Chemist: 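Handing you this structure, nothing more for now.
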Amino acid sequence: MSWFDKLHETFIEGERYKWLLEGFGNTMLITLGALAIGVVIGAVIAIAKYFCEGNKKLRWVNWLCDFYTTVIRGIPMTVLLLMFFYIILVSANGVTVAIIAFGINSGAYMAELIRSGINAVDRGQMEAARSLGLSKGQAMRKIIFPQAIKNILPAIGNECIALLKETSVAGYVAIVDLTRAATNIRNKTFDAVNPIIMLALVYLVIVVVMTKLLAVLERRLRKSDGR
């Protein structure tokens, strides 16, 4: 049997390629949904910690933020996913659980990325904005935060790629992601080679496309800054 005949037997017969398409859809949905949640959580925590600096009244807020990042970053992603699926969100849909779990995990890392971007902006810009009559919140929203996001865009892109690859453990809670789909095909056909190679190629293509899109976005942002 030729290699092409083997590919036809593995993926085309029984329309098993549709499992990969379903897995691709779930993987991208989990990745993008979790990224959105992670960016929102990360931004809230980073901004909260920025305003907590030197403010004793908000010390408890700073403590809560540190507690969240310490706990979430200290628990392996697989364990966190299992906790959400079997303990916290028992009756929820598996994909929904995965989006929330991965999003909360991503938020702990995004918080540090965004905070570093905010700290990279010259402190004098906040003082200048305040002297022009802007409140701290207005200065953060209109001046500081947009610059911070531009500074850390490559790091956010890398976090998105890492998040995409982390979703390969979603199959632990019976979600048909790309990895679970390839495993199902392997178990059904007893072909241990082609499903794994196809899985690796699909992930590689996704990462290359995401990297190219990020590069285009960075170039456009540089042009908008006149650089």
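Remember, predicted model here, so these are calculated numbers, not experimental data.
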Chemist: Counting N and O atoms only, with roles assigned by atom type, does the side chain of Arg16 sit under 3.5 Å from a partner on the main chain of Thr10, one being a donor and the other an acceptor?
Modeler: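 Yes, Arg16 side chain to Thr10 backbone: donor-acceptor pair under 3.5 Å.
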Chemist: How far does CD1 of Ile41 sit from CD1 of Ile72, to the nearest 0.5 angstrom?
Modeler: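 Ile41 CD1 to Ile72 CD1: 8.5 Å, rounded to 0.5 Å.
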Chemist: Are Glu127 and Arg130 close enough for a salt bridge, meaning some N to O gap below 4.0 Å?
Modeler: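 A salt bridge is absent here (no side-chain N lies under 4.0 Å from a carboxylate O).
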Chemist: Hey, are the side chains of Ile104 and Tyr68 touching, using non-hydrogen atoms and a 4.5 Å cut-off?
Modeler: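 In short, these two side chains touch, coming nearer than 4.5 Å.
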Chemist: Does Phe24 offer a backbone N or O that forms a donor-acceptor pair with the side chain of Thr27 under 3.5 Å?
Modeler: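 No: the side chain of Thr27 does not pair with the backbone of Phe24.
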Chemist: May I ask whether Val97 and Leu164 are part of the same hydrophobic cluster, defined by side-chain heavy atoms of I, L, V, M, F, W, Y residues being less than 4.5 angstrom apart, directly or through others?
Modeler: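 Per the 4.5 Å side-chain linkage, Val97 and Leu164 are not co-clustered.
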Chemist: Quick check for you: to the nearest 0.5 Å, what is the distance between Glu15 atom CD and Leu21 atom CG?
Modeler: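 With rounding to 0.5 Å, CD (Glu15) is 10.5 Å from CG (Leu21).
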Chemist: Hydrophobic clusters join Ile, Leu, Val, Met, Phe, Trp and Tyr when side-chain heavy atoms are under 4.5 Å apart, directly or via other members; which others share one with Val209?
Modeler: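 Via sub-4.5 Å side-chain contacts, Val209 links to Val205, Leu213.
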Chemist: How close do Pro195 and Ala182 get, heavy atom to heavy atom, and via which atoms?
Modeler: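 Closest pair (atom of Pro195, atom of Ala182, distance): CB-O, 3.6 Å.
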Chemist: Do side-chain atoms of Thr183 reach the backbone of Thr179 as a donor and acceptor pair under 3.5 angstrom?
Modeler: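 The answer is yes, because a donor-acceptor pair under 3.5 Å joins these two groups.
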Chemist: Would a distance-only check, ignoring hydrogens and angles, find a side-chain to backbone donor-acceptor pair under 3.5 Å from Asn151 to Gln147?
Modeler: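 Answer holds: yes.
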Chemist: Is there a path from Leu32 to Met77 through hydrophobic residues (I, L, V, M, F, W, Y) whose side chains come within less than 4.5 Å of each other?
Modeler: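 Result: no, two separate clusters.
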Chemist: Do you see a donor-acceptor pair shorter than 3.5 Å between the side chains of Asp177 and Thr167?
Modeler: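 No donor-acceptor contact under 3.5 Å links the two side chains.
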Chemist: Taking C-beta and beyond as the side chain, do Cys52 and Arg59 meet within less than 4.5 Å on heavy atoms?
Modeler: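 Side chain of Cys52 against side chain of Arg59, heavy atoms only: no contact under 4.5 Å found.
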Chemist: NZ of Lys136 to OH of Tyr50: how many Å apart, nearest 0.5 Å?
Modeler: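 So the NZ of Lys136 and the OH of Tyr50 are separated by 8.0 Å.
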Chemist: What are the two closest heavy atoms between Ala129 and Ala139, and how far apart are they?
Modeler: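 In terms of heavy atoms, the two residues are closest at CB-CB, 3.6 Å.
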Chemist: Shared ILVMFWY cluster between Val208 and Val216, side chains joined below 4.5 angstrom?
Modeler: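 Val208 and Val216: separate clusters.
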Chemist: Look up atom CG in Leu35 and atom CD1 in Ile156, then write down how far apart they are to the nearest 0.5 Å.
Modeler: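 Nearest 0.5 Å value for the CG-CD1 distance: 8.0 Å.
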Chemist: Are any of the side-chain heavy atoms of Asp66 and Lys49 separated by less than 4.5 Å?
Modeler: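 Heavy-atom side-chain distance check passes, below 4.5 Å.
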Chemist: Check the pair Trp19 / Arg180 against side-chain contact (heavy atoms from CB on, under 4.5 Å), numbers first and verdict last.
Modeler: CA-CA 9 Å; Trp19 298 356; Arg180 183 63 177 262; over 6 Å; no
